[in-house]
Every structure is written in structure tokens, then in C-alpha cells.
Amino acid sequence: MYYPDQRYASALTLIHRECILPENAVGNIRVTVGKRVDIRDVVAQGVVPSRYVILDVMHFFGLKKLDALTDLLHVGVGDLVQPDQVIAGKSLTKGKRLRSPVKGLVAHIEDGRIILQEMPDVMNL
């Protein structure tokens, strides 16, 4: 769509505009068809699915057995992690430590890997 730099509208002008969420967004419509809305009203709200980040903890620490991994983990499934937070290591302050690259949720821990799901983007139209 093209919108000119200057727009002229009188007080009696009604503008009809179609607003849609992106194809990959999951959301809902907050107004009914034909309802009058102001420019600041939220008419639709959705969440864009986020990506997953897989961290190979066994390879990072050079471990051979899965049993050795349980002593190194500082997070569990369902924990919220911040960017640069230590998620595995012998100590939180010194030594070799694995840090989270993103803000997200620990979705799964299995076979020496941690799967993080980034926080989703919320869209308001």
C-alpha cells in the first residue's frame, strides 16, 4: 500500500482500513465488524512463535557420560533464563561456564543438550 506524505481528512471522514496479523502469528481479534475504533485502540493482538536454540552441553564441556552432566546443570525444564546467565558449569563464578545466548524458557533437557525457546514477540494492531 502507498500512503502519501500528507493526508487531508475532515472531521466527517471515515477511513476503512484492513489490519491483519502476519501469517505465522497466533492471535485473536478484539473488536467486532463495523465497530468504530480510534487510532489508539488495539483491534487485534497476536503472538509470533519464537525460535528454538539448541545448546550441546556434552560437547561444550567435552563430557563422555551423561551422568556427569547432572552435576553441571544450574537450570531445569521450565526455568526462565536471561541473556548471559550461567546455565551450566562447575561454579557460577569461576571455571568454564555455559551461558544462555537468549532470553527464554528452558523447553527440554535430553541427551546432553539444552533446548531454549526464545520469548515470543507480542504484536498489537
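Any value given below was found using the heavy atoms of this structure, including those in side chains, with hydrogens, waters and symmetry copies removed. Residue numbers run from 1 in the order of the sequence given.
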Inset, instruction - Could you grab the distance from atom CG of D79 to atom CD of Q85, nearest 0.5 Å is fine? - result: 8.0 Å
Legend entry - In one Ile/Leu/Val/Met/Phe/Trp/Tyr side-chain cluster, 4.5 Å: V86, L80: no
Legend entry - L55 and L116, any side-chain heavy atoms less than 4.5 Å apart: yes
Inset, instruction - Consider only side-chain heavy atoms of I, L, V, M, F, W and Y, link residues closer than 4.5 Å, and tell whether V48 and V122 are in one cluster. - result: no
Legend entry - Non-hydrogen atoms of V47 and P120 that approach each other most closely: CG1-CB, 3.4 Å
Inset, instruction - Of all the heavy-atom pairs spanning P49 and A25, show the shortest one and how long it is. - result: CD-CA, 4.3 Å
Legend entry - Reported CG-to-CE distance for the pair L21 and M123, which is rounded to 0.5 angstrom: 6.5 Å
Inset, instruction - Hey, could you give me the NE2/CD1 distance between H108 and I114, rounded to the nearest 0.5 Å? - result: 11.5 Å
Inset, instruction - First locate atom CG of D84, then atom CZ of R97, and finally report the distance between them rounded to the nearest 0.5 Å. - result: 9.0 Å
Legend entry - Euclidean distance, R113 CZ relative to I54 CD1, rounded to 0.5 Å: 7.5 Å
Inset, instruction - Indicate the atoms forming the closest heavy-atom contact of A44 with I29, along with that distance. - result: CB-CD1, 3.9 Å
Under 3.5 Å donor-acceptor pairs involving side-chain atoms of residues 58-74, not counting sequence neighbours:
from, atom 1, to, atom 2, distance (Å)
T70, OG1, D67, O, 2.9
H74, NE2, G89, O, 2.8

Inset, instruction - Establish whether V81 and V53 are linked, either directly or via other cluster members, by ILVMFWY side-chain heavy-atom contacts under 4.5 Å. - result: yes
Legend entry - Residue K90 excluded, over 12 heavy atoms near NZ under 6.0 Å: no
Inset, instruction - Give, for atom CD1 of I87 and atom CG of L98, the distance between the pair rounded to the nearest 0.5 Å. - result: 4.5 Å
Inset, instruction - Please report the shortest heavy-atom distance between V77 and I109, naming the atom on each side. - result: CG2-N, 3.9 Å
Legend entry - For V102, the option from Q117, M119, Q82, E118 that meets side-chain contact (heavy atoms from CB on, under 4.5 Å): E118
